[in-house]
Amino acid sequence: MIDPKIIRDNIEMIKELLQRRNMAGAVDIDELKAIDEERRTLILKADELREKRNSASKTIGQLKAKGQDPVDMMKEVQLIGDEIKSIEQRLNDLNERFRELHLSVPNILDKSVPTGKDDKDNVVVREWGKKPQFNFEPKPHYDIGTSMGILDFERGVKLAGARFYVYRGLAATLERAIINFMLDLHTKEHGYTETFGPFIVNDESMTGTGQYPKFKDEYYRIDRDGLSLIPTAEVTLTNLFRDEILEAEKLPIYLTMQSSCFRREAGAAGRDTRGLVRVHQFQKVELVKFVEPETSFDELEKLTANAEEVLKRLNLHYRVVLLCSGDTSASSSKTYDIEVWMPGLNRYMEISSCSNFLDYQARRAMIRYKKKGEKPQYLHTLNGSGLAAGRTLAAIIENYQREDGTFDIPEVLKKYM
RNA sequence: GGAGAUGUGUCCGAGCUGGCUGAAGGAGCACGAUUGGAAAUCGUGUAUAUGUGCACAAACGCAUAUCCUGGGUUCGAAUCCCAGCAUCUCCGCCA
């Protein structure tokens, strides 16, 4: 959520924002404004009536204490009560609709974000390493893994359906090694605190980070319990401090957590269907930061660098892409994607996404901080993958492959095997 | 899953035979007085949200709401009723 006062006073700016984000029709800003105005007059009205009722009730109490029985006055106040009740009912409806619309308004974009329609308009900001050269035709990871007997897609389908897979032997061990390596790097060298929490969370948590209410179709929800499987540990980590006021001295807070991530991938049918690239369950090491507002863009650069460091140590060629206005997610004000080179697929593949949400999530989730002697204010949240483990496994298989159909283990992972 | 108990401010803790209680008392914290300095002592202050006033913002004023959450009864609810949630105890179950 962005500050409702900003919307109130800058209708045109918000409309422009929707244009740039390629979601012009997605939110009815005029309706939002109209509802906001109506609810404010009703709040005023209701408050005035309550004031009247409070003072009248007080008088009634005093009169009764003196032994009188002010029947007329009580009748009168009862009518006020009825009026309040009907205003409250209308107000409830309005507030609900207002919140619905308000939650749908995307975040303000940072000035540095290029205007563009989709991923074709994203801007490559840097590259690291170079594409490996092979004196044979490099194969995709799923062919290598399947023929080695370490990736089993058929049995994944048998167990759970399309886009599920099974790791056997080396693949399972290697992914575990990847996760441990990444966690060690982020905790021992980058200053993150290793955290572990629920993979299943309630609706408030899913709303706090922006998954609900708009994108309900993309996640697995257990309706009888009102709980959802997390699509990323960002949900668990960012909601840790929901409805809390943190002391300023505790900031910044850096957290990392490994989790399985569950996504329906609705609407992605037919895209990247093969292999480990797009699946319903994958493992990921997540990075989340809670910071003071003035520092959040510096923190974004550092966060992205932390994720890049994983690829550098694995010696995998990658590039960093600044997402354009149309490709940046609604909660984010600025996002860098890190894309690793996949020789077998012959393209770059997103392996991390690092975003600065400003106070957008903090406002939804009511995460604030307080300096001594000052009022509480919303802090800024950031997150990034550090990295997606399954895709890292796929990248290693493709980049480290040998002509004989097997692959090497990156040097830094050997001690984890 | 079954039975019972509990749920008040930063914390402890009164109130719960309905009105004068945003909430006694204590602790903590902040500031001030006292002191050569400190302890002790004394004084003052110590929530959040929303709306509104001041051209805006800050500060401030006013109003409303908040005693786990949501409903209800009542002229009026922290106090009564209902539902939910959480914690604790006992039983059941279990990696």
Side-chain angles (χ1 to χ4, degrees), chain A residues 1-13 32-103 108 196-208 222-228 239-250 260 293-294 359 362-379:
Chain A
M1 283 195 278
I2 62 179
D3 190 338
K5 291 194 188 90
I6 292 180
I7 304 177
R8 208 174 283 166
D9 302 332
N10 301 279
I11 291 287
E12 290 313 312
M13 189 262 270
L32 184 71
K33 188 178 163 72
I35 287 180
D36 186 36
E37 271 160 22
E38 188 181 353
R39 60 180 268 279
R40 274 152 63 208
T41 50
L42 287 181
I43 288 170
L44 199 63
K45 191 91 208 283
D47 278 359
E48 278 166 5
L49 289 172
R50 281 199 201 94
E51 187 185 356
K52 234 167 142 183
R53 181 175 69 180
N54 286 349
S55 65
S57 291
K58 202 171 270 183
T59 311
I60 292 171
Q62 285 161 357
L63 291 174
K64 283 203 162 187
K66 284 188 208 151
Q68 301 182 31
D69 190 18
V71 189
D72 292 347
M73 201 167 179
M74 281 162 66
K75 278 235 169 76
E76 205 177 302
V77 181
Q78 187 168 18
L79 292 178
I80 296 178
D82 292 344
E83 201 177 339
I84 292 173
K85 209 161 272 179
S86 76
I87 291 178
E88 275 175 346
Q89 244 165 39
R90 172 82 183 128
L91 209 45
N92 274 343
D93 295 346
L94 284 175
N95 281 336
E96 203 174 301
R97 180 67 185 145
F98 179 76
R99 184 172 165 79
E100 201 178 302
L101 288 167
H102 188 193
L103 284 172
I108 308 286
F196 193 79
F199 290 9
I200 307 177
V201 299
N202 55 28
D203 290 346
E204 290 76 54
S205 297
M206 291 292 274
T207 307
I222 306 159
D223 288 332
R224 62 179 283 190
D225 299 304
L227 298 171
S228 301
N239 280 287
L240 245 184
F241 301 120
R242 179 154 47 80
D243 297 322
E244 291 192 34
I245 300 173
L246 307 172
E247 293 163 36
E249 303 86 77
K250 299 228 168 100
S260 294
E294 310 76 57
D359 63 357
R363 211 172 264 285
R364 283 174 163 244
M366 286 292 284
I367 309 170
R368 289 171 294 173
Y369 78 106
K370 188 178 180 303
K371 287 184 193 161
K372 268 213 166 21
E374 290 184 23
K375 290 208 149 203
Q377 56 175 317
Y378 294 107
L379 46 72

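Within every chain, numbering begins at 1; the chains are lettered A, B, ... in the order of the sequence lines, protein sequences first and strands thereafter.
Here, B/A65 and B/A5 have their C1' atoms 31 Å apart, quoted to the whole Å. Look at the P atom in both B/G92 and B/U10: the space between them is 40 Å, to the nearest Å. Rounded to a whole angstrom, the distance from the C1' atom of B/G25 to that of B/G9 is 13 Å. Taking atom C1' on both nucleotides, B/U35 is separated from B/G45 by 23 Å, rounded to a whole Å. Look at the C1' atom in both B/U48 and B/G26: the space between them is 23 Å, to the nearest Å. Comparing the P positions of B/A38 and B/A33 gives an interatomic distance of 11 Å, to the nearest angstrom. Atom P of B/G32 sits at a distance of 13 Å from the matching atom of B/A39, rounded to the whole Å. Comparing B/C80 with B/G13, their C1' atoms are spaced 24 Å from each other, to the whole Å.
The NZ atom of A/K375 sits 11 Å away from the C1' atom of B/U50 (whole-angstrom rounding). Rounded to whole Å, the distance from CD on A/E48 to C1' on B/G53 is 13 Å. Note: CG (A/N202) to C1' (B/C85) measures 11 Å, nearest angstrom. Put simply, NZ on A/K370 is 9 Å from P on B/A47, counting in whole angstrom units. Counting to the nearest Å, the P atom of B/C75 and the CD atom of A/E76 are 13 Å from each other. At whole-Å resolution of the value, CZ in A/R40 and P in B/G53 are 9 Å apart. With rounding to whole Å, A/I43 atom CD1 is found 10 Å from B/U50 atom P. If you take CG of A/L49 and C1' of B/C75, they are 15 Å apart, rounded to a whole angstrom.
Contact between the side-chain N/O atoms of A/R50 and the OP1/OP2 oxygens of B/G51 is not found at any separation under 4.0 Å. In this model, the phosphate group of B/U73 is approached by a side-chain N or O of A/K85 to a distance below 4.0 Å at OP1 or OP2. Taking side-chain N and O atoms only, A/N54 has a distance below 4.0 Å to OP1 or OP2 of B/A65.
Comparing A/V77 and A/N92 by the nucleotide of RNA chain B whose heavy atom lies nearest to each, the residue mapping closer to the 5' end is A/N92. Nearest-nucleotide mapping onto RNA chain B: of A/Q78 and A/K52, the residue sitting toward the 5' end is A/K52.
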Chi angles and distances behind the side chain to side chain donor-acceptor pair (under 3.5 Å) call for A/Q377, A/Y369: CA-CA 6 Å; A/Q377 56 175 317; A/Y369 78 106; 3.1 Å; yes

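Across all strands, A/L44 comes closer than 4.0 Å only to sugar-phosphate atoms, never to a base (heavy-atom distances). Base contact: A/K64 has a heavy atom under 4.0 Å from a base atom. Within the nucleic acid shown, A/R39 has no heavy atom closer than 4.0 Å to any nucleic acid atom. Among the protein residues, A/D9 comes within range of no part of the nucleic acid, since none of its heavy atoms lies under 4.0 Å from any strand. Among the heavy atoms of the strands lying under 4.0 Å from A/P376 are primed sugar atoms or P, OP1, OP2 only; no base atom is included. The residue A/R8 sits close only to the backbone: its heavy atoms come under 4.0 Å of sugar-phosphate atoms, none of a base.
Put simply, the side chain of A/R53 never gets that close to the backbone of A/V77: no donor and acceptor are under 3.5 Å apart.
Of the candidate nucleotides B/G76, B/U64, B/G19, B/G76 has the atom nearest to the side chain of A/R53. With B/A63, B/A65, B/G19 as the candidates, the nucleotide lying closest to the side chain of A/S57 is B/G19. Of the candidate nucleotides B/C75, B/A65, B/A63, B/A63 has the atom lying nearest to any side-chain atom of A/E51.
B/U17 is unpaired under the criterion used here, namely a Watson-Crick or G-U wobble arrangement in which both key atom distances are under 3.5 Å. In this structure, B/A57 forms no base pair with any nucleotide, since neither Watson-Crick nor G-U wobble geometry is met with both distances under 3.5 Å. The partner of B/A3, taking Watson-Crick or G-U wobble pairs whose two distances both stay under 3.5 Å, is B/U89. Both distances falling under 3.5 Å, in either a Watson-Crick or a G-U wobble arrangement, occur for no nucleotide opposite B/A24. Nucleotide B/C94 has no partner under the Watson-Crick or G-U criteria, as no pair reaches both atom distances under 3.5 Å. With both pairing distances under 3.5 Å, B/U73 is matched to nothing as a Watson-Crick or G-U wobble pair. Partner assigned to B/G37 is none, using Watson-Crick or G-U wobble distances below 3.5 angstrom. With a cut-off of 3.5 Å on both pairing distances, the Watson-Crick or G-U wobble partner of B/A47 is B/U66.
Two residues are said to be in side-chain contact when any heavy atoms from C-beta on lie closer than 4.5 Å; A/K64 and A/M74 meet this criterion. Side-chain contact between A/I367 and A/Y378: absent, with no pair of heavy atoms (C-beta onward) separated by less than 4.5 Å.
Salt-bridge annotation for A/D93 and A/R97: absent, with no side-chain N of the basic residue lying under 4.0 Å from a carboxylate O of the acidic one. A salt bridge links A/E37 with A/K33; the closest basic N to acidic carboxylate O contact falls under 4.0 Å. Salt bridge status for A/E88 with A/R50: present, with a side-chain N to carboxylate O gap under 4.0 Å.
Surrounding CZ of A/R8 are more than 12 heavy atoms belonging to other residues, nucleotides or ligands, all under 6.0 Å away.
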